[in-house]
Amino acid sequence: YQDPQLNQLEERIATDNQTLRQALETYLAARDQVAAARSALYPRLSAGPSVARDHISSNGPSYAAGKPTGYNDLIVGGQASWEPDFWGRIRRTVEAARENSQASAADQANIDLSLHAGMAADYFQLRGLDSEIKLLDATVADLEHQLDLAERRLDGGVATGVDVAQAKTQLETVRAQLIDVRVARAQYEHAIGTIANLKLSEFSIPPSPLDLPLPKVPVGVPSQLLERRPDIAAAERRAAAANAQIGIAVSAFYPTINLTGEGGFESLHFGTWIQGPSALWTLGAQATQLLFDAGQRRALTDQARHAYEAQVAAYRNSIFQAFNDVEDPIG
């Protein structure tokens, strides 16, 4: 629109608007959730030393004559565990997190677009009210002149009291309209200041009637432009995330397999702690299959499928609403 003041206000949205900042932080949190979900694809490793002084019972089963009842137990070792993603549960979790992250990014873009559009709309509404105030001020001046003329005519015996009363009524009506318009202007000014995160008690926009040449909006635009609407993109990504949740629910029907391993050094004395004979290790695998859950897994799978269908319906509805939004202003 080539309006320097509007440009300055629009630029403040990206740096100062708290609603947009909230949406940005929500997106960053969703992006971190993707990394957290992806970490489950890899083994978990841990390591650390352990130093203990133990004392056994002289009457216990592990006691032997001549064997000391107190000893040191020195251990340094590490553990590793890994759940292979045979059934795709982790991959589908990563997929769902990624789709939700992209939906959050679309939400942020939608808020950003709405804020910029709202700023421009409020600004031009304010400028339009400035033009209306200018017109009403001129009308008040004319009506004041007409009232003065009617009073003069009444004093000269040419007019009647009805003429003066009518002139006063017209003048007061326009003055009341002028008050309403100025109140509306103040409300738009406050709305602009709120979007730009400005201190309202110190913020004001000098009156300036609207005289900018507005750009012409084409009557018809390609429907492919609707694909760029962030609200449609967000709905589509949420439908994809709901689809991934179905895969997560289905994976619960298959066994959980874990591979584990431990290794390190253990000794009774510090001098022989880190030596070959003190080494120890163990490897193992475990598979667990849930045999009976009273229909919980099937219910959760059906729930995921219904949630997916709901998101698909929301996606389609957002497309229909987008076409409606485009058609209404043109109509």
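Position 1 is the first residue of the sequence, and the numbers go up from there. The shown structure was predicted, so the numbers you read here are calculated from the model rather than taken from an experiment.
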Should [X] and [Y] count as an ion pair when the cut-off is N to O under 4.0 Å?
X: Arg152; Y: Asp148; answer: yes
X: Asp107; Y: Arg238; answer: yes
X: Glu83; Y: Arg44; answer: no
X: Glu189; Y: Arg185; answer: yes
X: Arg91; Y: Glu95; answer: no
X: Glu172; Y: Arg175; answer: yes

Item to complete: Starting from the C-alpha separation in whole Å, work towards a yes-or-no answer on side chain to side chain contact (heavy atoms under 4.5 Å, CB included) for Asp163 and Leu154.
Response: CA-CA 8 Å; Asp163 296 329; Leu154 178 62; over 6 Å; no
Practice prompt. Would you check if there is a donor-acceptor pair between the side chains of Ser278 and Thr272 at a distance under 3.5 Å?
Written response: no
Practice prompt. Assess the side chains of Glu262 and Thr282: does a donor N or O sit below 3.5 Å from an acceptor N or O?
Written response: no
Would one find more than 12 heavy atoms of other residues, nucleotides or ligands at under 6.0 Å from atom [atom1] of [X]?
X: His145; atom1: NE2; answer: no
X: Gln275; atom1: CD; answer: yes
X: Tyr254; atom1: OH; answer: no
X: His269; atom1: NE2; answer: no

Worksheet, complete the sentence: Given the options Ile179, Leu178, Asp180, Arg182 meets side-chain contact (heavy atoms from CB on, under 4.5 Å) only with Leu178
Practice prompt. Mind checking the OG1-CG spacing from Thr19 to Asn197? Nearest 0.5 Å is all I need.
Written response: 9.0 Å
Worksheet item: If you round to the nearest 0.5 Å, how far is CD1 of Ile13 from NE2 of His116?
Response: 4.0 Å
Item to complete: Walk me through it: do Leu268 and Leu74 pass the test side chain to side chain contact (heavy atoms under 4.5 Å, CB included)?
Response: CA-CA 6 Å; Leu268 299 176; Leu74 310 175; over 6 Å; no
Fill in: CA sep, side-chain torsions, deciding dist, call: Gln321, Asn324, side chain to side chain contact (heavy atoms under 4.5 Å, CB included)
CA-CA 5 Å; Gln321 185 62 48; Asn324 182 67; 3.4 Å; yes
Item to complete: Applying side chain to side chain donor-acceptor pair (under 3.5 Å), run through Arg127 and Gln5 and close with a yes or a no.
Response: CA-CA 12 Å; Arg127 290 308 188 200; Gln5 187 170 19; 2.8 Å; yes
Fill in: Linked, directly or transitively: Ile195 and Tyr188 (ILVMFWY side chains, under 4.5 Å)
yes
